[in-house]
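All values below were derived from every heavy atom in this structure, side-chain atoms included, with hydrogens, water molecules and symmetry-related copies excluded.
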Amino acid sequence: MIAGKLPGIKNLIIICLFLLAAGAGGGDAAATGNLDIYVENEAGGYQSGAVVVRYDSGWGPIDQKTTDTADKVSWTGISTGTYKYEVYYSGEFWGAGESIVSSKTTTIKYFRKYTPYILSVSIKDKSGNAKTTFVPGEKVHVDVTLKNPGTVSYTTESILRIAKGKTSPYVLDEMHGPVSISAGGYGYFGWDWSIPAAASGTYYVNPSAFTYINNKSILTDNAGWGWNFNVVKPQDSFKFRSRALYVWGEADTILENPAEADVLIRFAREHSINTLFFYTDQLKLSDSRQQFKSFIARAHSSNLYVHALNGDAAWITSRQAAANYINALVSYNVNAQSNEKFDGVHLDIEPYTLPSWEKDSNGDSMTLAQSSVNRNIATQYLQMLSGLKDTISESKERMTFGADIPFWFDGSGFELIYSGNNKLFSSHIQDTVDFVTIMDYTDNYSNAITWATNEINYGAAISKYVVLAFETQDVGNSGSSFYEEGASALENALQQVTNAFSAKPSFKGFAIHHYGSYRSLRG
């Protein structure tokens, strides 16, 4: 019987071995499966070229694949279990997910980008009107809207870059934020770029989004250089010729008496004057509107430019008064015919004449380095100029914007940090206006050349203009005026300065101060 049982035991062993072998093979088949992941962009379209990084359940990296032309990645014969994955496209993080792979099946996952992305970009002028063509001196305003398609809130920043050639160095490269964008919500960002005088051509805009995920700022969208605007230089945008004349107290008489206007125009022609800095104030711009129209039309017919001349140091701390004047001037031009319009605005605002401007024991002006009060006044002055420039630019009235400065604003101790840039006070002013008139009040042409050289060179570097002003009235200091030397000495000085600066593109000519004393100048 024992012998009779041996075949059964043998058969049992064989059967067990067979089952074990079958179990091993069946176990492999039961422990593997397939995984397909389809990647969709934020719009719901399938995305080829996306990178899917696969991890184990504990975020240990395994491998990565790129979505094919069918917009999917596939893994076959992988062990069953839980997998995590991250999705990237062109360096952007689109999100992460999780999938459970079961045996003998293909698990299909549809992933859609859920991190914040650039929804829209708009290019406008400073007033908020859509615009794609600008002129130097205007401000370009760019609005960027981000959308959070996810189901949780994200903290996001946005960078905007503006470049002519789509490459660094960028003319604008700024990050704004961070802001919290709620689930399904939107984030709004805005930038301003002041177009410099030398700008021209097509400029491109590139917005991107960075999102805080796991305490790290991660790129979640780079929208590329898909937007642009053009900068063009208008014809005859700089309305100044080689020699200007200040007209202050005589302005009222000239407006009211056409015969006096004829005298001024004839004098200008005889003395090579082609630009008038003509005094006006806010009240006269409304009460004497017709007289201005008549005078300017007559000046234009004699080939003279006319710039509205005014200025008060008190405007620095009372900017509304300055704004009111510029608004009145703009209103006048808007309601005038082309031959009746002012060609420019010329401001004679001298911050150092304010009672609060600090001086030393000798009565000399303290530098910006020596006085925080003076630095603050200088900053307010620049802010005022910038605001007035914006008003002029936004009005679409092509008025050349100029300002008087003393020759010593470029001296030692007059450096100032403004808008993040450390420059000479004079250079900040040159950045803001179309041209500066240096009050180069000396009867020594060598001094005049030396004192203006810095502004001439800086103007050439930034494509801005510089005018040199000379004094002809009795100011009580013989070295500051040609009152004693006379007209011939003045003309000689003008020629010497012209010889020194004629090769400089920034040198635009002269301004004579002023009409009454220049008419009486002997010699």
Side-chain angles (χ1 to χ4, degrees), residues 236-251 253-254 258-279 295-309 339 342-346 348 400 402-404 434-449 451-452 455-456 459 465-473 480-523:
D236 196 26
S237 61
F238 188 78
K239 298 177 180 178
F240 181 95
R241 295 192 186 96
S242 58
R243 193 178 294 194
L245 178 64
Y246 288 84
V247 182
W248 286 102
E250 306 90 344
T253 302
I254 292 168
E260 289 296 326
D262 288 339
V263 172
L264 169 62
I265 291 171
R266 183 169 58 253
F267 178 84
R269 287 200 301 263
E270 292 171 352
H271 292 77
S272 302
I273 301 296
N274 39 51
T275 303
L276 299 176
F277 295 159
F278 195 87
Y279 175 76
F295 169 70
I296 293 174
R298 295 172 71 186
H300 284 165
S301 69
S302 295
N303 207 28
L304 290 168
Y305 284 135
V306 182
H307 292 210
L309 171 65
N339 67 326
F342 282 100
D343 301 294
V345 184
H346 197 79
D348 180 42
T400 299
D404 291 334
D434 297 323
F435 75 104
V436 293
T437 298
I438 303 174
M439 293 181 285
D440 233 357
Y441 293 164
T442 176
D443 59 7
N444 184 321
Y445 63 79
S446 180
N447 285 342
I449 293 168
W451 294 346
E455 287 84 354
I456 289 286
Y465 296 114
V466 178
V467 172
L468 276 65
F470 289 92
E471 183 64 83
T472 62
Q473 66 178 334
S480 298
S481 172
F482 282 89
Y483 175 77
E484 293 85 4
E485 289 77 9
S488 296
L490 172 62
E491 289 300 323
N492 178 60
L494 299 184
Q495 186 58 55
Q496 296 299 327
V497 173
T498 299
N499 293 342
F501 291 137
S502 59
K504 297 288 187 178
S506 55
F507 174 62
K508 202 63 178 178
F510 304 98
I512 309 301
H513 192 272
H514 58 84
Y515 176 43
S517 58
Y518 190 28
R519 282 182 66 188
S520 304
L521 197 65
R522 61 182 174 82

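- With no hydrogens or angles considered, no side-chain donor-acceptor pair links Asp443 and Ser481 at under 3.5 Å.
- Checked against Leu264 for a side-chain contact (heavy atoms from CB on, under 4.5 Å), the options Val247, Ile273, Leu304 give a single hit: Val247.
- For the salt bridge (Lys or Arg N to Asp or Glu O under 4.0 Å) condition, the pairs that include at least one residue of residues 489-508, sequence neighbours left out, are Arg243-Glu491.
- When side chains are defined from C-beta on, Ser506 does not count as touching Glu455, because their heavy atoms never get closer than 4.5 Å.
- How far CH2 of Trp451 is from CE of Met439: 12.5 Å, rounded to the nearest 0.5 Å.
- The side-chain hydrogen bond (donor to acceptor under 3.5 Å, both in side chains) test applied to Asn444 returns no partner, not counting sequence neighbours.
- Taken to the nearest 0.5 Å, the CD atom of Glu485 stands 11.5 Å off from the CG atom of Asn492.
- Residues Phe435 and Phe240 place their aromatic rings such that the two centres sit under 6.0 Å apart.
- When only modelled atom types and interatomic distance are considered, Tyr246 and Asp404 share a side-chain donor-acceptor pair under 3.5 Å.
- With contacts defined as side-chain heavy-atom distances shorter than 4.5 Å, the pair Val436/Tyr465 does not qualify.
- Rounded to the nearest 0.5 Å, atoms CG (Leu490) and CD (Gln495) are 12.0 Å apart.
- For Tyr518 and His514, the ring centers sit 6.0 Å or farther from each other.
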- Task: Could you please spell out the steps behind the side chain to side chain contact (heavy atoms under 4.5 Å, CB included) verdict for Trp248 and Phe278?
- Result: CA-CA 7 Å; Trp248 286 102; Phe278 195 87; over 6 Å; no
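- When atom types are taken as modelled, the side chain of His300 and the backbone of Asn339 share a donor-acceptor pair closer than 3.5 angstrom.
- A 6.0 Å sphere centred on OH of Tyr445 holds no more than 12 heavy atoms belonging to other residues, nucleotides or ligands.
- Around atom OH of Tyr483, no more than 12 heavy atoms belonging to other residues, nucleotides or ligands sit under 6.0 Å away.
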- Task: Take Ile512 and Glu471, measure what side chain to side chain contact (heavy atoms under 4.5 Å, CB included) needs, and give me the verdict at the end.
- Result: CA-CA 6 Å; Ile512 309 301; Glu471 183 64 83; over 6 Å; no
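- In summary, the aromatic rings of His513 and Phe470 are positioned with their centroids too far apart to meet the 6.0 Å limit.
- Between Ala511 and Thr437, the closest heavy-atom pair is CB-CG2, 4.1 Å.
- Side-chain polar atoms of Asn303 and Arg241 form a donor-acceptor pair below 3.5 angstrom.
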